[in-house]
Structure formats: C-alpha cells, structure tokens
**Q** 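Structure provided below as structure tokens; questions to follow.
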2 protein chains.
Amino acid sequence: MSCENAVRRLSEYRRILCKLKALGFTKVFSDHLAGAIDVSPALVRKDFADFGLTGNRKSGYSVGELIDKLNRILLKEHTEEVIMVGCGGIGRALMNYNGFAGEGIRITAGFDSNPDLQNCDAAIPVLDISRLEVYINSHRIRTAIMTVPETYAGTMADRLAAAGIRAILNFSPITLKNLPGCFIRNVNFLYELENVIYFSAQDTPE
Amino acid sequence: MSCENAVRRLSEYRRILCKLKALGFTKVFSDHLAGAIDVSPALVRKDFADFGLTGNRKSGYSVGELIDKLNRILLKEHTEEVIMVGCGGIGRALMNYNGFAGEGIRITAGFDSNPDLQNCDAAIPVLDISRLEVYINSHRIRTAIMTVPETYAGTMADRLAAAGIRAILNFSPITLKNLPGCFIRNVNFLYELENVIYFSAQDTPE
DNA sequence: AGCAAATGAATATAAAAATATCGATAAAAA
DNA sequence: TTTTTATCGATATTTTTATATTCATTTGCT
Ligand SMILES: NC(=O)c1ccc[n+]([C@@H]2O[C@H](COP(=O)([O-])OP(=O)(O)OC[C@H]3O[C@@H](n4cnc5c(N)ncnc54)[C@H](O)[C@@H]3O)[C@@H](O)[C@H]2O)c1
Ligand SMILES: NC(=O)c1ccc[n+]([C@@H]2O[C@H](COP(=O)([O-])OP(=O)(O)OC[C@H]3O[C@@H](n4cnc5c(N)ncnc54)[C@H](O)[C@@H]3O)[C@@H](O)[C@H]2O)c1
C-alpha cells in the first residue's frame with residue numbers, strides 16, 4: 001500500500017484545519033499548511049489534488065470545505081466503531097483514553113480470553129473471545145485494534161480477517177503482513193524506542 | 001533525518017536474526033532476511049553495506065556476527081536507561097511492560113506532577129516533575145518517553161532538551177519538530193487509527 | 001473596465017528509496 | 001585441479017516521493 005504517508009498527512013492537515021477553524025479562520029493557503037506540518041507548499045497542493053480537494057486561485061482553500069471533504073475521505077462523517085482484541089495493559093490504556101470519542105472513533109467492545117478481565121457491564125464491555133465472530137458480524141465491525149501477546153497475534157489476525165475485519169492496528173511485536181482483504185498496520189514500541197535511542201547517539205540530530 | 005526507515009529495518013533484521021540464532025542457525029542469506037521482512041534481497045544487502053555489515057560471497061552472513069554488529073549500532077551493548085515523563089494511562093502501561101528488559105532497555109524512573117501518582121518505593125520510582133533535571137543530570141539520561149497531555153508537550157520537550165535529553169519518543173497528539181541537539185519521534189495513535197480506518201474502506205488492501 | 005498581485009493547478013524536475021543487474025569470488029563438486 | 005554454482009558487493013535502473021516551475025485565473029484595487 002503506497003499512499004500511507006499521504007493519508008497520514010491528511011490526518012495532519014485535518015488536525016491543523018480544525019484548530020484554525022476554532023480560531024475563526026475560514027480561508028487557508030497551501031503555504032501556511034505546509035509550514036505547519038513541515039513540508040513544501042507544492043506537496044500540500046499535490047496531496048489535495050490527489051484526493052480531490054480543490055481551492056480557488058487567489059483566495060486559497062476554504063477551511064470548512066476542506067474539513068468536510070477530509071471528514072468524508074477519512075470516514076469521519078459517522079462514528080467509526082472499533083473493537084479491542086486483548087484487554088491487558090496497552091488495551092486498557094487505549095480503552096480508557098477519552099481522546100478518540102471527539103474524533104469520531106468509538107471502541108465499542110473489548111475481547112479477552114481471561115475471564116477475570118471480562119465484564120459485560122463496563123462502559124466498554126469486555127467479552128469472552130469466543131463471542132468475537134458473532135459480535136463482528138452483528139455490529140458490522142470493520143476495524144480492530146489488536147493487543148494480544150505475540151504468540152497469538154498471527155492466528156488472531158487470520159481469525160479477525162476471516163470474521164470480516166477489513167483492517168487491523170497491531171500492537172504486538174510481530175510484524176504482520178497484509179492478509180487478503182485485510183490491511184494490517186503494525187505499531188512496534190520496541191522499534192520506536194530503538195530508533196529514538198539510535199538517534200540519541202547521532203551527531204546534530206537537528 | 002533521512003535514514004529512519006533504514007534504522008527501523010535494522011531493528012527488524014535484528015529481531016529475525018535473534019530468532020534464527022535461537023533456532024541454531026549460524027549463517028543467513030540476504031534472500032531469507034528479505035523474505036522475512038518483505039523487502040528485496042538487494043535492499044538487505046544495501047542496508048548492510050550502508051551500516052558496515054559485511055558477509056562472504058557464497059556463504060552469506062554470519063548470524064552471530066550480524067547480531068553483534070547490530071547490537072553495537074543500536075546501542076545494545078549496555079542497558080540503555082530511559083525515563084518516562086508523565087505516568088498516566090499510557091505511561092504506566094509502558095512502565096509495566098516487561099518486554100523491554102530483555103532488549104537492553106530499562107525505564108529507570110517516571111516523573112509526574114500529580115502527587116497521587118508519585119511513589120519513590122515502587123519498582124520504577126515515580127518522582128515529582130521538579131526533580132527531573134537533577135535526575136537526568138546525575139544519571140546521565142539521554143532518552144525520554146513523553147506521555148504528558150498535549151498542552152504541556154511542547155514546553156516539556158524544550159525542558160527535556162535543555163536538561164540534556166538527546167532524543168524523545170513523544171506520545172502526545174501534537175507533532176513536535178526536532179529541537180537543536182534533540183531528536184523527536186512522534187507516535188500518534190489517532191493518526192494510526194485513522195490510517196487503518198481509511199484502508200478498511202479501500203478495495204483489495206491486498 | 002482594466003490591471004497588478006497572489007495563488008491554485010498542472011507539469012516538469014529533482015531527490016530519495018527500492019529494486020534489478022552483473023561481475024567477482026568463495027565454496028563445493030567433479 | 002578445474003568446473004560449477006550460489007551469493008555478495010557494487011552499480012545501474014526503476015519507481016516513488018517530494019519540490020520547483022510555469023501558467024492561468026481569481027480577486028481586489030484604481
Ligand atoms: N504494554 C506495552 O507497553 C507494550 C509495549 C510493546 C509491545 N507490547 C505488546 O502489546 C501486546 C499487549 O501488551 P500488554 O502489555 O497489554 O500485554 P498483556 O499481557 O497485559 O495483555 C495481553 C492480553 O491479551 C489477552 N489474551 C491472550 N491471549 C488471548 C486470546 N487468544 N484471545 C484474546 N485475548 C487474549 C490476555 O488475557 C491479556 O489480557 C503484547 O503483544 C506486547 O508484546 C506492549
Ligand atoms: N492513552 C491513550 O490511549 C492515548 C491515545 C492517544 C494519545 N494519547 C496521548 O498520550 C498522552 C498521555 O495519555 P494518557 O492517557 O496517559 O493521559 P493521562 O492524563 O492519563 O496521563 C497524563 C499524565 O501526565 C501528567 N502530567 C500532566 N502535566 C504534567 C507535567 N507538567 N509534568 C509532569 N507530568 C504531567 C498527569 O498527571 C498524568 O498523570 C496524552 O497526550 C494523550 O493525548 C494517549
């Protein structure tokens with residue numbers, strides 16, 4: 001999948017734009033956005049062109065219009081329902097985080113094999129993993145966050161894909177490849193840390 | 001900083017190599033490593049060449065030697081001491097994680113402004129934020145993980161850099177730019193989720 | 001209305017990243 | 001020893017990504 005970086009920039013643009021809107025701005029120029037996320041104005045325009053976001057010569061882009069269109073592209077017109085698979089340390093931190101709600105993302109349920117963690121009455125219910133497929137199907141869930149131990153990550157991804165999940169955000173330290181019909185993005189804290197530690201020893205990280 | 005991706009791949013190579021070593025392998029070929037992390041053999045060889053890792057024509061690379069050299073490059077010859085700034089939901093999940101110890105990374109202390117979270121006697125002591133500078137200095141800490149609220153992220157990064165921190169892994173949702181002498185890597189869960197959600201709606205994510 | 005200034009849109013260029021090619025060479029086989 | 005074969009190492013090519021440039025249009029001013 002090639003345009004991951006471009007989509008990431010869309011998220012960044014959107015974030016800046018929302019702040020501008022809150023400040024009362026109605027127009028914005030490629031130049032300004034470029035400065036805010038540290039790329040060239042040309043890239044901003046190209047990103048926008050690639051995703052069908054248009055502006056007006058001389059008067060720039062409309063903040064409100066951009067946000068609306070970005071919301072459509074990033075599936076933010078309706079709340080996106082996501083499930084959490086594995087409700088240990090990281091899983092719970094994410095479930096307790098209240099920053100997603102305002103961004104049109106809701107974690108609607110968690111799943112875990114450990115009965116001690118299961119709780120149907122919690123704000124976000126944690127269900128037994130055996131109920132995974134039925135839940136995905138009945139709630140038409142397309143996206144999952146996966147925070148199970150490494151050992152189970154591979155088979156769990158297969159299981160999620162088979163159950164109809166179309167995309168997985170994987171936090172386990174094994175790098176999973178996309179499955180047919182299911183996009184997988186891996187987040188590996190160890191690699192992030194190693195990266196940061198590497199650069200801590202480089203000259204003039206600038 | 002351009003070679004972030006290459007350094008990330010070094011982490012990935014290292015991970016695979018350690019597994020191979022555990023299985024008893026002593027030799028490995030660019031072809032095999034390439035398949036494992038889904039790149040071309042040519043890239044593996046180029047990465048290795050760029051970082052001074054050499055092999056032998058016909059007989060490939062020595063697993064043990066590669067690991068040793070990667071350990072040197074990734075600063076894994078001695079345990080790297082890291083601090084956690086902000087010990088809320090995410091901070092504690094990371095502090096409780098036991099997967100870093102085996103990888104030569106140790107979170108030696110946490111810092112928080114909330115007295116309720118402070119605890120000098122915990123396995124990883126959580127100290128008042130006012131003790132940050134002295135600690136960094138006396139323990140010669142170079143790397144910090146930052147999990148404070150967005151509002152404080154910018155000034156805290158400045159403060160860390162001023163205190164001598166050379167690299168920061170920032171989890172707050174504001175994208176920080178590198179400071180003079182201090183590399184910053186941003187991890188933004190919201191962007192990751194938005195990315196994954198975007199691709200969940202694309203055709204044949206493959 | 002006419003003109004100048006500014007900016008998006010389209011295109012061209014450059015830079016970076018990844019891949020392919022191919023000769024050299026070490027190891028194994030004949 | 002000679003031949004064969006497999007793989008690295010270096011270089012060239014391709015592909016992708018980002019930046020510059022050019023052009024046309026809109027806006028606001030006189
Ligand atoms: N916590 C961190 O800071 C951190 C850092 C780096 C990587 N990780 C990775 O993230 C993942 C989760 O980490 P964690 O600290 O939350 O671990 P954890 O052990 O606290 O949580 C894992 C959870 O998955 C559940 N689980 C196990 N098998 C399951 C299955 N088959 N079906 C459903 N649930 C199952 C467990 O019951 C547990 O609650 C791990 O792969 C870990 O390596 C975590
Ligand atoms: N938890 C998540 O899943 C998640 C997801 C996305 C982004 N984030 C971001 O990560 C950061 C941390 O998230 P969290 O859920 O752990 O939040 P949190 O509120 O639980 O933790 C933040 C901690 O920082 C401490 N703090 C505040 N100001 C401080 C200061 N000046 N000095 C030292 N400590 C200070 C607070 O006392 C608190 O303990 C936030 O920026 C959040 O937006 C978290």
Side-chain angles (χ1 to χ4, degrees), chain A residues 1-13 16-17 20 25-70 175 177-178 191 195 198-199 206, chain B residues 1-13 16-17 20 25-67 69-70 175 177-178 191 195 198-199 202 206:
Chain A
M1 197 65 42
S2 59
C3 54
E4 272 181 69
N5 288 340
V7 176
R8 165 105 3 99
R9 285 195 299 270
L10 294 189
S11 283
E12 297 207 53
Y13 297 135
I16 306 285
L17 288 164
L20 288 178
F25 288 90
T26 63
K27 295 285 177 190
V28 70
F29 303 113
S30 56
D31 213 17
H32 301 159
L33 282 172
I37 79 164
D38 221 17
V39 297
S40 71
L43 183 55
V44 175
R45 293 198 291 271
K46 197 153 94 58
D47 281 338
F48 284 3
D50 288 349
F51 286 93
L53 311 180
T54 56
N56 303 304
R57 297 171 205 259
K58 178 71 179 175
S59 62
Y61 298 89
S62 151
V63 172
E65 195 180 314
L66 276 184
I67 292 176
D68 287 347
K69 287 184 178 174
L70 285 172
T175 305
K177 295 173 191 171
N178 290 343
Y191 294 167
N195 217 258
Y198 173 86
F199 286 109
E206 171 201 359
Chain B
M1 197 63 45
S2 59
C3 54
E4 273 181 67
N5 288 340
V7 177
R8 166 103 5 96
R9 286 196 297 273
L10 294 191
S11 283
E12 297 208 54
Y13 297 136
I16 305 285
L17 289 165
L20 288 178
F25 287 91
T26 63
K27 296 285 177 190
V28 69
F29 303 113
S30 57
D31 211 18
H32 300 159
L33 283 173
I37 78 164
D38 222 16
V39 297
S40 69
L43 183 56
V44 174
R45 293 198 293 271
K46 198 153 91 57
D47 282 337
F48 285 3
D50 289 349
F51 286 91
L53 312 181
T54 55
N56 303 305
R57 297 177 207 259
K58 180 71 181 178
S59 63
Y61 299 88
S62 149
V63 172
E65 196 179 312
L66 277 183
I67 292 176
K69 288 185 178 171
L70 285 172
T175 305
K177 294 172 191 173
N178 290 344
Y191 294 166
N195 217 260
Y198 172 85
F199 286 109
Q202 297 310 112
E206 169 203 358

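Within every chain, numbering begins at 1; the chains are lettered A, B, ... in the order of the sequence lines, protein sequences first and strands thereafter. Here the structure is a predicted model, which means the values were calculated and not measured. Computed over heavy atoms, backbone and side chain alike; hydrogens, waters and symmetry mates excluded.
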**Q** Without decimals, in angstroms, what is the distance between A/Leu53 CG and C/dA10 C1'?
**A** 16 Å
**Q** Mind jotting down which residue pairs meet the side chain to side chain donor-acceptor pair (under 3.5 Å) criterion with at least one end in residues 37-46 of chain B? Sequence neighbours excluded, please.
**A** B/Ser30-B/Arg45
**Q** According to side-chain contact (heavy atoms from CB on, under 4.5 Å), who are the partners of B/Ala49, at least two apart in sequence or on a separate chain?
**A** none
**Q** CG of A/Leu66 versus P of C/dT7: gap in Å, rounded?
**A** 15 Å
**Q** Need to verify one output field. Residue with the more 5' nearest nucleotide on DNA chain D, B/Ser59 or A/Asn5?
**A** B/Ser59
**Q** Would you say the side chain of A/Leu10 lies within less than 4.5 Å of the side chain of A/Phe51, judging by non-hydrogen atoms?
**A** yes
**Q** Under 4.0 Å from OP1 or OP2 of C/dA20: is there any side-chain N or O of B/Arg45 that close?
**A** no
**Q** Grab the NZ-P distance between B/Lys46 and D/dA10 for me, whole Å please.
**A** 12 Å
**Q** N/O contacts under 3.5 Å, protein versus nucleotides 1-5 of chain C?
**A**
none

**Q** So, do A/Tyr13 and A/Leu53 sit near enough that their side-chain heavy atoms are less than 4.5 Å apart?
**A** no
**Q** To the nearest Å, give me how far apart CG (B/Leu43) and C1' (D/dT14) are.
**A** 14 Å
**Q** By the side chain to side chain donor-acceptor pair (under 3.5 Å) test, which pairs, at least two apart or in different chains, include something from residues 55-68 of chain A?
**A** A/Glu65-A/Lys69
**Q** What integer distance in Å separates A/Asn56:CG from C/dG8:P?
**A** 9 Å
**Q** Flag the pair A/Val44 / A/Ile37 as yes when at least one side-chain heavy-atom distance between them is below 4.5 Å, and no otherwise.
**A** no
**Q** Look at A/Tyr61 and C/dA9 and indicate whether a side-chain polar atom (N or O) is within less than 4.0 Å of OP1 or OP2.
**A** yes
**Q** Tell me what A/Ala42 touches on the nucleic acid: a base, only sugar-phosphate, or nothing, going by heavy atoms under 4.0 Å.
**A** base
**Q** Take atom CZ of B/Phe48 and atom P of C/dA18, then tell me their distance rounded to the nearest Å.
**A** 15 Å
**Q** Give the residues of residues 26-38 of chain B touching DNA chain C, defined as any heavy atom closer than 4.0 Å, sorted by residue number.
**A** none
**Q** If pairing requires Watson-Crick or G-U wobble contacts with both distances under 3.5 Å, which nucleotide is the partner of C/dA30?
**A** D/dT1
**Q** Checking contacts here: which listed nucleotide (C/dA18, D/dT19, C/dG23) is nearest the side-chain heavy atoms of B/Arg57?
**A** C/dG23
**Q** Partners of A/Phe29 by ring-ring contact (aromatic ring centres under 6.0 Å, His included), sequence neighbours excluded?
**A** A/His32
**Q** What's the CD-P distance between A/Glu4 and D/dT16, to the nearest Å?
**A** 14 Å
**Q** In whole angstroms, how far is the P atom of C/dG8 from the NZ atom of A/Lys69?
**A** 14 Å
**Q** Do B/Thr54 and B/Phe48 make a side-chain contact, defined as non-hydrogen atoms from C-beta onward lying under 4.5 Å apart?
**A** no
**Q** Mind checking whether A/Thr175 and B/Glu12 have side chains closer than 4.5 Å, heavy atoms only?
**A** yes
